[in-house]
2 protein chains.
Amino acid sequence: MNPIEHIAQQFAAQNYKLTSQREAIVQVLLDNEKDHLSVEEVYMIVKLSYPHLGLATVYRTLELLTELHIVEKMNFGDGVARYDLRGDEQAHMHHHLICNVCGKLEEIKDDWLVDLESRLEREYGFTVTDHRLDFKGSYNTCKSTGCKKEKDCKAVS
Amino acid sequence: MNPIEHIAQQFAAQNYKLTSQREAIVQVLLDNEKDHLSVEEVYMIVKLSYPHLGLATVYRTLELLTELHIVEKMNFGDGVARYDLRGDEQAHMHHHLICNVCGKLEEIKDDWLVDLESRLEREYGFTVTDHRLDFKGSYNTCKSTGCKKEKDCKAVS
DNA sequence: GTTGATGCAAAAAGTTTGCATATCG
DNA sequence: CGATATGCAAACTTTTTGCATCAAC
């Protein structure tokens with residue numbers, strides 16, 4: 001089953017209508033899976049293929065997708081909400097590397113926190129349902145080349 | 001040297017004036033060190049002792065304190081920026097536990113990430129300067145007592 | 001005394017909401 | 001057909017900014 005069909009099923013299961021607008025928005029997210037798009041960015045992109053679509057619909061759809069746990073709403077401190085598609089069981093495999101030099105935001109698809117979470121359970125009586133782990137710093141390649149922008153960056157993609 | 005003197009020194013070192021407004025704002029942060037106050041909350045509290053102070057000054061002061069790395073600006077997804085005093089060398093000893101049941105936000109003063117950071121250095125060529133680690137979940141005591149608000153919560157303080 | 005900080009109000013930016021119309025199931 | 005989603009515009013919230021006045025060094 002392809003991703004859009006899978007999401008369509010999740011909509012249907014909760015009695016939400018899969019309108020053409022919602023489908024177009026989900027498609028934008030799938031096409032830009034590696035980015036963390038803001039509402040405004042999703043709006044700009046989806047308008048290319050669906051010029052009539054309104055901004056409020058983007059807000060409402062992204063809110064709905066968040067409720068359904070299809071996307072995750074995040075805030076990286078730039079004043080806008082950003083959305084990240086959650087792969088199927090990847091909720092917990094999802095850390096970020098943010099480069100101070102080039103601005104690149106890399107995702108790490110791995111779960112490095114299982115040990116810490118059992119420690120929380122043991123020592124704090126706290127059961128983890130979700131987590132967030134971001135690292136800020138710099139790629140050594142960025143420091144040596146002095147790249148200023150992501151597109152010049154030689155760091156691993 | 002007490003905290004406020006230490007901060008005064010950091011201001012002086014960077015040629016920033018320590019006005020009475022700024023001092024009042026810093027004092028509020030010190031008095032509420034365990035909370036993560038929003039701008040509006042700081043404003044309400046500081047107005048009690050300094051009624052004439054303007055909201056823009058709170059915004060400007062907190063921005064300045066962030067630049068000086070005296071506080072850390074964070075966003076927990078409730079739509080407002082929140083500020084957390086950084087103890088001296090505690091930048092890295094600073095994780096959060098957020099309870100889904102009672103809403104409590106606990107700080108963990110410990111650094112659980114040293115191993116992961118050396119792994120990033122090795123495997124990704126990435127040098128970490130800062131990080132953020134939040135866990136969402138629930139205290140087992142909250143689940144069993146069914147407390148709804150922080151003040152009813154029996155979880156460890 | 002100079003330079004930078006404050007207060008106020010206005011504006012900007014991001015997000016939410018009300019309502020008439022249109023669409024999916 | 002009925003319930004729900006959309007588009008538009010207005011409202012709301014949070015944050016930023018311009019400018020005259022004031023205060024710290």
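First the proteins, then the strands, lettered A, B, ... as listed; each starts at 1.
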Side-chain H-bond candidate by donor/acceptor type, A:H36 with A:E107, under 3.5 Å: yes

Side chain B:R60 and base C:dG4 donor-acceptor under 3.5 Å: no

Side-chain N or O of A:T19 closer than 4.0 Å to phosphate OP1/OP2 of C:dC24: no

Side chain of B:K17 (C-beta onward), nearest among C:dA5, C:dT23, C:dG7: C:dA5

Of the listed nucleotides C:dC19, C:dG25, C:dG7, the one nearest the side chain of B:L53: C:dG7

Polar side chain donor-acceptor pair, B:Y139 to B:E106, under 3.5 angstrom: yes

For A:D134, all residues meeting salt bridge (Lys or Arg N to Asp or Glu O under 4.0 Å), sequence neighbours excluded: A:R132

Atom pair distance, as rounded to whole Å: CZ in A:F11 and P in C:dT23: 19 Å

Along DNA chain D (nearest heavy atom to each residue), the more 5'-positioned of B:S20 and B:E63: B:E63

Phosphate OP1/OP2 of C:dA22: any A:Q21 side-chain N/O under 4.0 Å: no

Between the protein and nucleotides 11-15 of chain C, are there any N/O to N/O pairs under 3.5 Å, and if so, what are the atom names and distances?
residue: C:dT15; atom: OP1; partner: A:A81; partner atom: N; Å: 3.1
residue: C:dT15; atom: OP2; partner: A:Y59; partner atom: OH; Å: 2.8
residue: C:dT15; atom: O5'; partner: A:Y59; partner atom: OH; Å: 3.4

Under the side chain to side chain contact (heavy atoms under 4.5 Å, CB included) test, residues paired with A:E121 that sit two or more places apart: A:T127, B:N140

Test item: A:L29 and A:V42 side chains (from C-beta on) under 4.5 Å apart, heavy atoms: yes

Salt bridge (Lys or Arg N to Asp or Glu O under 4.0 Å): pairs with one or both residues in residues 46-65 of chain B, sequence neighbours excluded: none

Sugar-phosphate only, base, or nothing, as touched by B:R22 at under 4.0 Å among non-hydrogen atoms: sugar-phosphate

Span of DNA chain D in contact with chain B (heavy atoms, under 4.0 Å): D:dT14 to D:dC25

Euclidean distance, B:N100 CG relative to A:D130 CG, rounded to 0.5 Å: 8.5 Å

Non-neighbouring partners of A:F135 that pass ring pair (Phe, Tyr, Trp, His ring centres under 6.0 Å), sequence neighbours left out: none

